[in-house]
Each structure stands twice: as structure tokens, then as C-alpha cells.
Engineer: 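What follows is a structure written as C-alpha cells; I'll ask about it next.
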Amino acid sequence: MGDNKNQKLAEQNIPGMNRGQRFAEVQHADDASATLKRIIAYFIHEKTMVIAMLAVVVFGTLCGVYAPSLQSSAIDIIAGTKNGSFANTLIFMLVVYLLYSGSQLLQGLFSAKLSQRIVRRMREELFGKIVDLPIRYLDTHSHGDVMSRMTNDIENISTTVSQSLPSLFSGILTIAGTVAMMLWYCWQLALLSCGTVLLTLLATKILSKNVRRFSRKRQMLLGQLNGTVEEMISGYHTVVAYNHQDITTEDFCDISDSLTKAGIKTDIFSGVMGPVMNCIGNIGFVIIAAFGGYFSAKGLISVGVISAFIVYAKQFSRPINEIAQIYGQLQTAVAGAERVFIVLEEANEDMDGGELSDEEKATVTFKNVCFSYEPGNPVIDNFTLTVPAGKKVALVGATGSGKTTVVNLLMRFYDIDSGEICINDQNIRDISRVSIRQNAAIVLQDTVLFSNTVWNNLKYGNEDASLEEIQKAVEMSCCKEMIELLPKGYDTVLTNAGVNISQGQRQLLAIARAFVADPKILILDEATSNVDTRTEKAIQDAMQLIMKNRTSIVIAHRLSTIRNADVIIVMDHGKIVESGDHETLIAQKAKYYDLYMTQYAGFTI
């Protein structure tokens, strides 16, 4: 599209900042409480699975907390300080540990299933919202941002639900149960053991802060690196043509070196955390061994209790470390969920309205239409035009004159600010967008095909089209020979939206798709811009057939393609400055004459 809208939207992109930079640093939600409430609503929908998972977590935690006491009893039986059957105690302890392991397995299964159900619901809601969003939203928001919410943000939520939340619940219960058991056995030794918690929290805070700082920097640099590679690959011909290989390589190496340094620092602080936690844990074991031996000598506790305390101390420190790490993951997940919910809260495109009158032909009328993408910057100003039923009207003018905007307003991609647009005396505001688009077909300059077979792409605008209708459209658009040369003909799959065929062939298929739709109103926006001159002449001949007795609006920069239009409208800054047929406008020697002579200077008129 060559209108002011695109120029304004392009200005919204920050030079020198690629997609990875814009989205890598999301860490905190602006309104975490409101976001958490909405997340909880998804859990309520899966309450049976949530209850089952929590029951397994509670049962597993109880087994994990109870098992060390059995170990204590077994040691005391061996030492002779406690009566009981050693064999039975060992068997019971084995059963408890097996139940603990089984609960861990079930916990993983339930949490994975729960996360996928929640994420599926969220993903379906988000995709359903995206396809119902107004065109304005997608025109004014980075497509990479929208895709990032669908992929990265939802994946973060999935990871948190499947891994972090069960660990969080289990960790809290484990801490509470372990502390209770330690206090029950010996409150003095329990308080001494808990003293290492302060060291653990302090070390975790310092190390986690540095890990997050360098991790954010690494993600930002990784985004830059990916952007550089993407630009180099997509623009490889330009890079080579201007001999910029060395400069591009130098830029890549600079970013790569910075990424390496940030990665090393991140890995260092991440790697140090484990040894530091182990060191603090070992200090706790020394405290337990020293004071436990002293208390045992005094007869306050048995040897088995010392053994249980060592296990409990390990159980106590592990969930604290996990919770510290989970906290960061939860923040990222909540921030991602908030970004998803922001899209879900957007208003859908208004699809209300009646049906277009069931007339064979359509007359399109613009009456004093004014429109601006941004308030105060009009793109269409007092535009008045009638496209008679069955006639062909061409819109010409310099880039940014508002030609494509006229089409956007007719298709109700945008609603006008003032004035009136009518089809057969029906105001399009009273006609549903669905009905308007069912009766109109558009071929854009930027060809859009889908990763599907040629046949399904041709039927995209008319699912009920017959074989004869499709074959006729293919012949009229000069596609027959091209399709026959494809490996599987109509069954050839267009990979990656058509990268396995040329741009010109994609344009031909898009034109054929419009012909298959058999619309009342046909819109061609630079439809022959990507085909050669010979093919263009053939398509023009075909267009005369398809546009015969059909209301047609043609946007063209190649003025040779619209010489036979019934009316040529010359636009400038959103206004009509000239109108008439080709010969009349040439004779006037005004704006159209200047445009024509610019393209065909030296040619006989």
C-alpha cells in the first residue's frame, strides 16, 4: 500500500532497534494482582485437575516429611535406644519412599496436563481474538509483538504452570512440615539449623540479582544478534551487491562478542549459586553434627534424631532455593500473561449490520468523505465520486495521495470520519462487514497466498466454486500453463506462502483467486506490478472480460494499464484534482498529462 498510513506506521518503528530488543526485557507486570485474578479464572475451569494435583502434592510432601522419622527410628533400633522391629521399619520406610516417588511422578503428569489445558484455552482465545481484531489494530502494532505474545509469552506461562507452580506448592508445604518435625524432635537444634536460612536468603538475593541483570542483557543482545542474522539473510543480495560483507561480519562479531561476555557472566553467577548453596548447606550439617552430638551426650536427643535432622536440614534448604528461582519465573509468566490479556481486552471488529441488497450490479458512491488515520492529519478530504454499476474507474496519483485508503474505506477496513459511502443507495455503515466483503474481491500489490495447495488457494474466496469456474478463472488470468508446469499441478503445495514459485506467478494466482470469487465489486490495487510486460498485456485482455459489466476500481501506477478505463480519477493529497477518460485528460495537459509524460516521455501519444 502506498498511502500516508504506511508512512506514519513506519515512523513508529525505532531505527536501530530490532524485534528481539523490544520484547526481551519484559520482566514485571504493571498490574500483577489483576493479572493473577484472571489467571486463577483459568485454573477454576480446570478445578478437578487442580484438586487432583494438589492432593498428590500434599500426599507426596507428607511422605517426604515422614520418611526421615522412620530412618531415625531404624537407627535408634540398631543403637538399642528404641524398641521395635528393624525389618518392619525398613519395609515401612521403603514403602513410604516408593509412595513419595510415585507421587512425584503423578505430580509431573498432572501438572503437565494442567498446563497444556490452560495454555490451549489461552492460545485458542488469543488466536480467536486476533482474527476478530480490527485492521487498525494490526496496522498500528508490530506483527512481531503480536506473534511474541502468541508464542513466547504463552510458552512462559506453560513452563511456569507445569514446573514452577507444583514446586512452589510442594516447597511451601515441605518447609512447613520440615520445620514442624524439627521443632517436635528438638526445638533448640531446630533454631540453630534455621540460622543458616539467613545466609541462604542473603546469598540467593545477591546472586539472583546479578543473574537477572546479566540475563536481561544477554536476551537483549541475543535479539540484536538474531535481528542482524535475519537482516543479512533476507537482504543478502543487497549486502553482496554493495560489498558490505566485511562490515556486516564486523557488526555481527561485535554483537557476538558482547553476547559472549554477558553469557559468561550469567553462567558464572548461575553456576556459583549451586556451590554456594551447598557450602551453606554443609555449614548447616556441621552445626547439626556439633550441637547434635552435644545434645545427644546430654541425653536430650538420640543418634537417630541427629540423622533425621541432617535429612530435614537438606529438605529445608532445597525448597528455599527453588522458591527463590521460581519467584523470577513467576514474574516473567505474570508479565507474559498480562501482555496476552491486553490483547484479549481489545474490542472486536464490529460485524453488525444488514445484508447488501440482492442486486446483480453495484453502484458505489462516495459523498463528501473525510478520513484521517491520526486526528488532525487528513488523508481523504471531501472526496466525492460515483462508480457506476458495471463501469471501470481508475485511481491514479503520486504515492501517498490516498488511492489505497479509498479502497480501505470501501471495504470497511476503516470507518470514515464524516460523509457517506453507499452501495446501491445503501450506506455501508448499515451493511455488515461480512456482507460487503462477500460481494467484493481485492487483489493487492503485496500478494498474499497461504501454505496450502494451489487449488485451495484459488478457492479461498469462494469455497463453493466448481471445477469449471476455477478452470475458467485460471485461463482468463493466464495461469493455466503455469499451473500445468508445477510438479503436481493444482495439488502443488505452496510452501512458506509461495516461496517455491516466483513473485509474478504468485501475482497471477492472486488475480485468478479474485476471478474465482466472482464478485459484484472488483478491486485491483497495482495487480500487475509484479508481472512482465507480455504477461501484463495478456492479463489486461483478461481483465477486460472479467470486468465487463462489473463494477471495478483499479489503482495503478503504470498508466498504460488503465488507458481504457471508463473514468480516470487523478488524486492529490486526498482530493480529486482531475477526472475524465484518457484522451480528455491528456488534452488538458495538467496533472495526468505530467504523470503520463513522466512515464512515457518520447513516446507518441
Side-chain angles (χ1 to χ4, degrees), residues 1-12 128-143 146 342-357 362-387 393 395 397 400-446 448 461 519-525 551-553 555 569 571 573-576:
M1 296 183 183
D3 288 321
N4 294 341
K5 176 197 68 172
N6 298 319
Q7 298 170 8
K8 292 181 175 65
L9 297 180
E11 292 170 359
Q12 296 176 4
K129 169 61 70 172
I130 291 174
V131 298
D132 289 334
L133 285 173
I135 296 292
R136 180 184 292 274
Y137 181 89
L138 293 176
D139 279 347
T140 54
H141 289 75
S142 166
H143 294 177
V146 177
I342 287 173
V343 178
L344 292 177
E345 289 172 355
E346 290 289 333
N348 288 344
E349 189 173 33
D350 182 10
M351 291 297 182
D352 294 336
E355 295 292 321
L356 181 64
S357 60
T363 297
V364 179
T365 306
F366 296 82
K367 301 177 183 178
N368 304 316
V369 172
C370 295
F371 173 75
S372 57
Y373 291 105
E374 296 178 359
N377 296 310
V379 178
I380 300 296
D381 186 12
N382 198 30
F383 184 86
T384 299
L385 171 67
T386 297
V387 183
V393 172
L395 303 179
S401 58
K403 304 183 298 297
T404 300
T405 300
V406 171
V407 172
N408 287 340
L409 298 177
L410 175 60
M411 295 291 290
R412 289 199 70 186
F413 293 154
Y414 292 84
D415 282 329
I416 61 177
D417 297 334
S418 62
E420 188 177 71
I421 302 177
C422 296
I423 301 177
N424 291 337
D425 296 326
Q426 282 184 272
N427 192 320
I428 63 171
R429 288 186 180 272
D430 300 325
I431 306 173
S432 71
R433 286 177 165 85
V434 173
S435 183
I436 292 174
R437 295 165 190 174
Q438 283 177 342
N439 289 277
I442 185 169
V443 180
L444 299 172
Q445 179 178 359
D446 298 325
V448 177
K520 292 181 181 179
I521 302 172
L522 181 63
I523 300 170
L524 303 173
D525 187 351
T551 305
S552 304
I553 299 176
I555 298 174
I569 303 298
M571 297 185 63
H573 293 92
K575 297 181 179 180
I576 297 176

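Heavy-atom basis, side chains included; hydrogens, waters and symmetry copies ignored. In this chain, residues are counted from 1 in sequence order. Since this is a predicted model, take the numbers as computed values, not measurements.
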Engineer: Are there more than 12 heavy atoms of other residues, nucleotides or ligands under 6.0 Å from atom NZ of K575?
Structural biologist: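 Counting other residues, nucleotides and ligands, NZ of K575 stays at 12 neighbours or fewer.
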
Engineer: Flag the pair P519 / N439 as yes when at least one side-chain heavy-atom distance between them is below 4.5 Å, and no otherwise.
Structural biologist: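 Not in contact.
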
Engineer: Show the nearest heavy-atom pair for residues I523 and M411, with the distance to one decimal.
Structural biologist: CD1-SD, 3.8 Å

Engineer: Mind running salt bridge (charged side-chain N to carboxylate O under 4.0 Å, His left out) on R136 and D415 for me, showing each step along the way?
Structural biologist: CA-CA 10 Å; R136 180 184 292 274; D415 282 329; over 6 Å; no

Engineer: Is it true that a side-chain atom of E346 and a backbone atom of L133 form a donor plus acceptor pair closer than 3.5 Å?
Structural biologist: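 No: the side chain of E346 does not pair with the backbone of L133.
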
Engineer: Which atom names give the shortest non-hydrogen contact between L409 and V369, and what distance separates them?
Structural biologist: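 Between these two residues, the closest heavy atoms are CD1-CG1, 4.0 Å.
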
Engineer: Please check: side-chain N/O of S435 versus main-chain N/O of L356, any donor-acceptor pairing under 3.5 Å?
Structural biologist: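 Yes; at least one donor-acceptor contact below 3.5 Å.
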
Engineer: Ignoring hydrogens and angles, tell me if any N or O in the side chain of R437 forms a donor-acceptor pair with the backbone of R412 under 3.5 Å.
Structural biologist: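 Answer holds: yes.
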
Engineer: With side-chain contact (heavy atoms from CB on, under 4.5 Å) as the criterion, how do V406 and M571 come out once you've worked through the C-alpha distance, each side chain's angles and the decisive distance to 0.1 Å?
Structural biologist: CA-CA 11 Å; V406 171; M571 297 185 63; 3.9 Å; yes

Engineer: Nearest 0.5 angstrom please: I416 CD1 to N427 CG, how far?
Structural biologist: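 So the gap between those two atoms works out to 7.0 Å.
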
Engineer: When rounded to the nearest 0.5 angstrom, what is the spacing between SG in C370 and CG in D381?
Structural biologist: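 CG of D381 is found 5.0 Å from SG of C370.
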
Engineer: First locate atom CD1 of I569, then atom NZ of K403, and finally report the distance between them rounded to the nearest 0.5 Å.
Structural biologist: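 NZ of K403 is found 13.0 Å from CD1 of I569.
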
Engineer: Any chance you could measure S418, atom OG, to F371, atom CZ, to the nearest 0.5 Å?
Structural biologist: 11.0 Å

Engineer: Might you point out which heavy atoms bring D417 and S372 nearest each other, and give the distance in Å?
Structural biologist: OD2-N, 2.8 Å

Engineer: Working to the nearest 0.5 Å, report the span between CG of L344 and CD1 of I130.
Structural biologist: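 Taking CG in L344 and CD1 in I130, the distance rounds to 8.5 Å.
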
Engineer: Determine whether I521 and V387 satisfy the following criterion, side-chain contact (heavy atoms from CB on, under 4.5 Å), listing intermediate values before the conclusion.
Structural biologist: CA-CA 10 Å; I521 302 172; V387 183; over 6 Å; no

Engineer: Within the structure provided, determine whether I428 and I423 are in side-chain contact (heavy-atom separation under 4.5 Å).
Structural biologist: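 Counting from C-beta outward, I428 and I423 do come under 4.5 Å.
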
Engineer: What's the shortest heavy-atom distance between T384 and I576, and which atoms?
Structural biologist: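 Shortest heavy-atom contact: O-CD1, 3.2 Å.
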
Engineer: Hey, mind stepping through V407 and F413 against side-chain contact (heavy atoms from CB on, under 4.5 Å) and telling me if it holds?
Structural biologist: CA-CA 9 Å; V407 172; F413 293 154; 5.7 Å; no

Engineer: Show your working on side-chain contact (heavy atoms from CB on, under 4.5 Å) between L410 and I421 and close with a plain yes or no.
Structural biologist: CA-CA 7 Å; L410 175 60; I421 302 177; 4.1 Å; yes

Engineer: Is Q426 reaching over with its side chain to a backbone N or O of E355, donor-acceptor style, under 3.5 angstrom?
Structural biologist: yes

Engineer: Testing the basics here: between D352 and D350, what is the closest heavy-atom pair and its distance to 0.1 Å?
Structural biologist: N-OD1, 3.0 Å

Engineer: Tell me if a side-chain donor or acceptor on N424 pairs with a main-chain N or O of T363 at a distance below 3.5 Å.
Structural biologist: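 Yes; judged by distance alone, with no hydrogens or angles, the pair exists.
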
Engineer: Nearest 0.5 Å please: distance from the CG atom of N408 over to the CD1 atom of I380.
Structural biologist: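 The CG atom of N408 sits 9.5 Å away from the CD1 atom of I380.
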
Engineer: With ring centroids as reference points, do Y373 and Y414 lie under 6.0 angstrom apart?
Structural biologist: yes

Engineer: Can any side-chain N or O of K129 pair as donor or acceptor with the backbone N or O of V343 at less than 3.5 Å?
Structural biologist: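 Flag not set: sc K129 to bb V343 has no pair under 3.5 Å.
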
